[in-house]
Structures are given as C-alpha cells and as structure tokens.
Amino acid sequence: MSIEEVSQQLEALRTTINQHNYRYYVLDDPAVSDSEYDRLMQELRAVESQYPELVSVDSPTQRVGAQPLAKFGQVRHEVPMLSLDNAFNQDDLQDFDRRIHDRLKSDVTIEYACEPKLDGIAVSLLYEGGMLVRGATRGDGQTGEDITLNVRTIPSIPLKLLGSGWPTRLEVRGEIYMPRAGFAALNEKAMKAGEKTFVNPRNAAAGSLRQLDPRITNSRPLEMCCYSAGLVDGGTLPEKHGDVLTQFQGWGLKINPEMRIVTGIEACADYYENLAAKRDSLSYDIDGIVFKVNDLKLQQQLGFVARAPRWAIARKFPAQEEMTVLKSIEFQVGRTGAITPVARLEPVFVGGVTVSNATLHNMDEVERLDARAGDTVIIRRAGDVIPQVVKVVLEKRLEGALPPSLPEACPVCGSDIERSEEETVARCTGGLFCSAQRKEAIRHFSSRKAMDIDGLGEKLIEQLVDKELVNTIADLFRLTEEQLIRLERMGAKSAANLVAALKASKTTTLARFIYSLGIREVGEATAATLASHFCTLEALEAATQEELQAADDVGPIVAQHIAMFFQQAHNREVIEALLAQGLNWPAIEKPVESDELPLTGQTWVLTGALTAMTRDEGKAYLQALGAKVAGSVSAKTATLVAGEKAGSKLSKAQSLGVSVMDEEAFMAFLQEHGIVMS
Ligand code: D41
C-alpha cells in the first residue's frame with residue numbers, strides 16, 4: 001500500500017469510529033456492538049503504530065495525554081461567560097416575563113427554550129477550523145483554567161466537529177457532569193479500596209476535572225451537554241436558540257434531550273412541573289430549569305445587567321442538600337437484630353420535606369464520616385431515597401466532641417451484641433426476646449407487600465408489644481375489638497376495621513406468606529421464587545440447603561438462612577399457630593414446563609402510571625406469562641409498557657427501537673393471553 005492509501009484507510013477508520021462514538025455517546029443510540037467498536041479501535045491502533053507519522057491529534061486514539069501537567073494555565077474568555085438569575089417560584093417567573101415585555105415594549109407572547117439545569121461544572125470549548133483547540137472552566141466568568149487535556153478525554157466531546165458549515169472559530173459552552181450511575185460506581189470502587197468517596201456527582205465531576213493527570217480524568221465517567229455559543233467568528237449560527245442547539249448536535253456535540261421550545265410563560269410553568277415530576281428518574285442530577293428567550297435577536301435587544309442576561313432565568317428546585325446540627329447518635333434495633341446508628345438532627349427542610357433523622361448505616365460508616373454528636377453535617381435527600389449524612393463539616397466541630405461507641409449491650413433488651421468478622425453490622429442476640437425485633441417482625445409481617453394488613457400502624461404495634469397483647473405474629477389474629485378499644489387513639493370503628501382487616505388478610509398467597517415471615521435475605525422476589533419452586537409450605541420447610549439452592553437465584557447464604565429459620569423450634573411453633581388461626585392460600589399447581597409459556601425468555605419493563613392496575617399487578621401478570629420483569633430498559637428489552645407520564649425509560653426505549661405498548665394495548669394483550677384481571 002502506498003502512504004496515500006494508508007492515510008486514506010486511516011481517515012476512513014477514524015470517520016467510522018467517530019460516527020459510532022457519536023451514535024453511542026451523543027445520540028444514546030449505538031449502531032454497533034461494543035466488541036465491534038473495540039475491534040475497529042484495535043485496527044486503528046495497529047495501523048497507527050506502524051505509521052507513527054500518520055497519527056493525527058484528532059485521532060480517537062489520542063484522547064488521553066500520557067504526561068501530567070505541572071499546573072493549569074489561565075484562560076481569558078474573549079466573550080465573558082455570564083451567570084444566571086434565579087427564580088424561586090411562579091411569581092418570580094411571571095415577573096421575569098413581564099420585565100421582558102416591558103423592555104421590548106411589546107405584548108406578543110414570547111417563545112422560550114426550556115432545559116434542565118444540570119448540576120455540574122460550566123465549561124467552554126473552543127473549535128478552530130472544526131478542531132477542538134481548547135477547553136476551559138468558567139471560573140469567575142472572565143478568567144478560567146485551561147483544562148484542554150482533560151476535556152479531550154470526555155467521549156461525548158468531539159475532537160473534531162462532524163459535518164461541515166461550522167464557523168472558523170466557534171466557542172461552545174455547556175455543563176460537564178457525572179451521571180448518577182457512574183457516580184455510584186465510582187464511589188463504590190473508592191469505598192472498596194478504602195479511599196475517600198465523593199459527596200455528590202457535582203463534586204465528583206469538579207474533582208475529576210481538576211486533575212493534572214488526564215489519565216485520571218479519563219477514568220471518570222464524565223459527560224458534557226452544550227447549552228449556548230460564546231465566540232462565533234467566520235461563519236454564522238441559526239437565529240433561534242433551539243436551532244443553534246440542533247445545529248450543535250449535527251456537528252457531533254451532545255445536547256439535552258429534554259430541551260423544548262414553548263410559547264408563553266404559563267407553558268414554562270407546565271414544563272417545570274413536568275420535569276420536577278421526572279426529576280428523580282433522570283439519569284443525572286439537576287437543580288432547576290433554565291428558561292431562555294428563544295429568539296437570538298430578542299436576546300440581543302434585551303442584553304444583560306450585572307453579568308446576567310435579561311433573557312434567561314433559572315427556576316430552582318428545592319435544595320437536596322442542607323446543613324444542620326447532629327444532636328446525637330442513637331442506636332436502633334432492626335427486625336433481624338441489626339443495630340443501626342441513627343443521626344438525630346436539628347430539623348431541616350431538604351428535598352421538599354423536613355428531616356429530623358438520618359440513617360448512618362453501620363459503625364464503619366460512622367467512622368468513615370467521623371461523625372460525632374454536636375457536629376455540623378450536610379444532609380442529602382434526593383428523590384424518595386432516605387436522608388443521608390454525606391459529610392461532616394470539620395471546620396465547625398466543637399471542642400471536646402467525642403466519637404460514639406457501639407453499646408456493649410442491646411439498648412432495648414440488654415442482650416449481648418455480636419459483631420462478626422465478616423459482617424460490618426452488629427447484631428442484638430436477643431432474637432424475639434428483644435421487643436424491638438418483635439415490633440419490627442410484626443411491622444414487616446403486616447406491611448403492604450407481605451400480609452397487607454390495613455390499619456396496623458407503627459404506634460399501634462408499639463402499644464401491642466409494650467402491653468404484651470402481642471408477643472408473636474400469630475397473636476395478632478387473636479386480638480379482639482374489646483382489647484383494641486382500650487388502646488390509645490383507637491376508636492370503636494377503627495378497632496372493628498382492624499379486626500376485619502386481620503380476618504380478610506388470612507387469605508393470602510404462599511409467596512406473600514413466605515415473604516412475611518421475615519427470613520433473612522428472603523425478599524419479595526426470592527419468596528416468589530421459593531413459592532413457585534416448592535409449591536407447598538411443607539416442601540419448603542423440609543428442603544435441605546442443597547435442595548433450596550436448586551431454586552433460581554438462591555445461593556448458599558440465602559439457603560443457609562432459610563434452613564436455619566425452619567430449624568428453630570419457635571419459628572415452627574409460630575407457623576403452626578398461624579395455620580391454626582386459619583391462614584390459607586390457593587394451592588399452586590406445578591407450573592407447566594416453563595418454556596411453554598408465551599413470554600418465556602423475554603424481559604419486559606413497566607414504567608409510568610397505570611390506571612387499571614398497579615405496577616405490581618402488571619408485573620405479576622407478565623411473570624405469569626413467563627416474562628422476566630426488569631427495572632431498566634436496554635437493547636435486550638422485549639417490550640416496554642408505558643403508562644401515563646412515562647419518562648426517561650420511554651425515550652430510551654424509543655431511541656433503542658424497543659417496542660412500546662401503552663396501557664390500552666397492554667390490557668388487550670393480557671386479555672388475548674387469557675389473563676383475567678382482578
Ligand atoms: O444546565 C445548566 N447548568 C445551564 C447553565 C444551562 N442549561 N444553561 C445555561 N445558560 C447560561 C446562559 C443563559 C448565560 C447562556 C447555564 C448557564 N448560563 C450558566 N452556568 C453556570 C453559570 C451560568
């Protein structure tokens with residue numbers, strides 16, 4: 001081959017790889033398998049190593065520089081990077097719209113571009129002749145740091161723009177962030193290695209960009225979404241913000257798929273509500289919504305004040321992190337005796353609710369955080385996740401604060417505490433002698449996914465156990481209205497309702513019954529597997545550890561817990577007593593050879609709100625037809641059932657070409673397959 005031919009071959013390979021990269025990282029719609037992509041990269045590396053003189057700076061093999069920097073250089077932004085004004089409620093948003101109308105002396109309805117406000121680091125990318133020549137942080141808006149080597153490692157940032165028609169000099173601005181999944185994986189790795197973890201994805205992204213060694217940045221899962229142009233020289237961009245972003249995407253840059261153009265400020269409020277409802281299901285953290293006047297000419301007329309444009313505003317979500325004081329660390333006893341340190345907090349409003357307790361998980365976590373009573377701490381509550389203590393503000397530690405120590409004896413029943421070698425948790429050895437464990441066992445037994453006993457709340461369980469009306473779960477079914485009426489906050493009506501609920505709950509399913517026993521490591525899914533594998537309680541009770549492991553997803557540890565549970569005389573007695581009280585469930589017929597079921601081998605996903613059934617019911621119907629039901633969409637998903645307000649899973653399914661059914665189609669499908677809905 002002549003050198004020209006090799007050069008052409010290399011160019012073709014790079015173009016193909018860049019195109020696949022674009023499909024994968026920018027469009028989230030891969031066109032080839034990972035192995036095919038790896039093969040192409042290997043081929044490119046092989047040819048380049050034979051012809052080192054033909055290696056170009058924009059080659060996909062050249063993303064990671066080998067040498068760390070001594071320090072970052074400074075970058076002066078030719079066009080300052082503005083900041084954003086904040087709106088905290090709908091009134092602020094109305095005012096913003098009114099100011100725009102006043103200033104433009106016009107009452108025509110304004111078109112706004114709406115986009116999520118990513119919680120990351122604002123950066124600027126400079127492309128000259130389509131080549132990425134510089135990456136810089138925003139800094140104070142005038143001067144930032146030169147992070148070119150680091151941005152080059154981020155796969156959603158093209159080293160060379162795709163297509164054509166870009167201005168000779170084009171500065172693209174956007175946010176570099178770390179998606180939640182990548183953040184969780186990174187922290188897990190750090191935790192296992194005994195290294196420091198990051199407080200949140202934003203800090204992780206900032207820390208990853210601040211690395212002088214680009215090889216470290218390269219190992220961090222960063223992405224960039226672009227949201228505006230800075231400097232534009234030797235060319236022009238479209239006249240609407242939304243079209244500029246679409247053009248950016250055409251040139252290989254990632255933009256946020258949630259971006260929408262709407263008309264009027266009321267529609268902005270709708271967009272805000274919609275996205276607020278989707279916030280937890282997004283794959284990245286956002287801290288608000290940015291609204292921008294879509295017409296760039298109008299933007300120019302409006303100009304800016306004090307470094308913030310008059311044509312844009314950020315409507316903030318309630319903060320997910322707040323500072324408060326850790327009043328004390330107490331120890332709680334769980335259902336299986338696990339002793340959990342709990343942080344009692346000065347109440348603080350975070351993530352939309354007032355939080356006064358947060359779990360500290362275990363003593364290892366307390367040590368890792370170095371949490372002490374009296375400390376000032378940062379609390380995080382994201383979505384419906386339970387509040388977490390993410391960090392102690394050491395600068396604010398009071399003199400004389402002492403680290404807590406694990407109590408010697410169970411704080412509830414006084415039994416010994418054991419802390420085994422392999423487990424990080426400490427456990428009360430009191431078993432059902434410990435009233436805390438009894439209370440938790442009853443709470444679990446009556447919970448929605450177990451026996452689903454309505455009206456048996458926490459406060460009531462406390463009283464029942466403390467007054468010794470209920471010692472084992474079987475005692476619940478012996479409760480009478482007369483006994484209940486005498487309890488605090490219990491009227492005749494609720495007493496009657498509870499007795500009726502207890503009676504109604506006696507007819508259940510074997511799976512629910514197994515789950516409700518609260519055997520260690522036996523969750524809802526394992527209980528269902530055990531029920532369909534063993535078909536009867538007797539068979540399950542009699543199973544050896546080996547036989548238990550023959551059930552799907554039951555490993556040696558779970559098998560040991562199950563076998564141990566049924567070996568204990570008091571557990572058998574409780575089960576006897578429950579059956580004597582009339583607990584019953586329909587017999588399970590040995591399932592037909594499972595590969596005869598219509599959906600065997602298929603994985604389905606349910607998302608959004610269903611109206612005719614709960615998601616759990618939908619899941620059960622699908623499982624009855626042999627399908628596996630997963631929580632997230634991938635290329636392997638057979639069908640996505642999308643209810644009302646389906647969010648990111650729906651868009652992902654659409655981008656992957658996964659078939660989608662709405663609720664109506666799903667109902668018809670179930671009926672066709674002989675499912676009778678309750
Ligand atoms: O997602 C963001 N964090 C975001 C930040 C966004 N979607 N749009 C933004 N637009 C601007 C203007 C209107 C000034 C072009 C921004 C920011 N600025 C910004 N980020 C940090 C400071 C300012």
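Residue numbers count from 1 along this sequence. All ligand and atom numbering here is 1-based and tracks the order in the structure.
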Exercise. Going by an N to O cut-off under 4.0 Å, is there a salt bridge joining Asp102 and Arg99?
Worked result: no
Exercise. Which protein heavy atom lies closest to atom 19 (C) of ligand 1, and at what distance to 0.1 Å?
Worked result: Tyr227 OH, 3.4 Å
Seminar exercise, completed: Heavy-atom proximity to atom 22 (C) of ligand 1, picking from Glu115, Arg138, Met81, points to Arg138
Exercise. With respect to atom 14 (C) of ligand 1, which of Ile313, Asn256, Leu82, Asp119 exhibits the smallest heavy-atom separation?
Worked result: Leu82
Applying a 4.0 Å heavy-atom criterion (strictly less than), which segment of [X] is in contact with ligand 1: side chain, backbone, both, or neither?
{"X": "Leu118", "answer": "both"}
{"X": "Cys225", "answer": "neither"}
{"X": "Arg173", "answer": "neither"}
{"X": "Trp311", "answer": "side chain"}

Show the atoms of ligand 1 that are less than 4.0 angstrom away from any heavy atom in [X].
{"X": "Ala122", "answer": "20 (N), 21 (C)"}
{"X": "Ser228", "answer": "15 (C)"}
{"X": "Lys292", "answer": "8 (N), 9 (C), 10 (N), 13 (C)"}
{"X": "Ala312", "answer": "13 (C)"}

Problem set entry | Pair Asn187-Thr197, side-chain donor/acceptor within less than 3.5 Å | no
Exercise. Does one side chain, of Glu171 or Ser124, offer a donor that lies under 3.5 Å from an acceptor on the other?
Worked result: yes
For this session: Assess whether atom CZ of Arg344 is packed by more than 12 heavy atoms of other residues, nucleotides or ligands within 6.0 Å.
Result: yes
For this session: Please check if the distance between the ring centroids of Tyr177 and Tyr284 is under 6.0 Å.
Result: yes
For this session: Could you tell me how the ring of His20 sits relative to the ring of Tyr37: parallel (under 30°), tilted (30 to 60°) or perpendicular (over 60°)?
Result: perpendicular
For this session: Assign the ring pair Tyr271 / Phe291 to parallel, tilted or perpendicular, where the plane angle (0 to 90°) is split at 30° and 60°.
Result: perpendicular
Problem set entry | side chain to side chain donor-acceptor pair (under 3.5 Å) assessment of Thr153 paired with Arg220 | CA-CA 9 Å; Thr153 67; Arg220 304 286 172 80; over 6 Å; no
For this session: Determine, using heavy atoms of Pro116 and all atoms of ligand 1, whether some pair is separated by less than 4.0 Å.
Result: yes
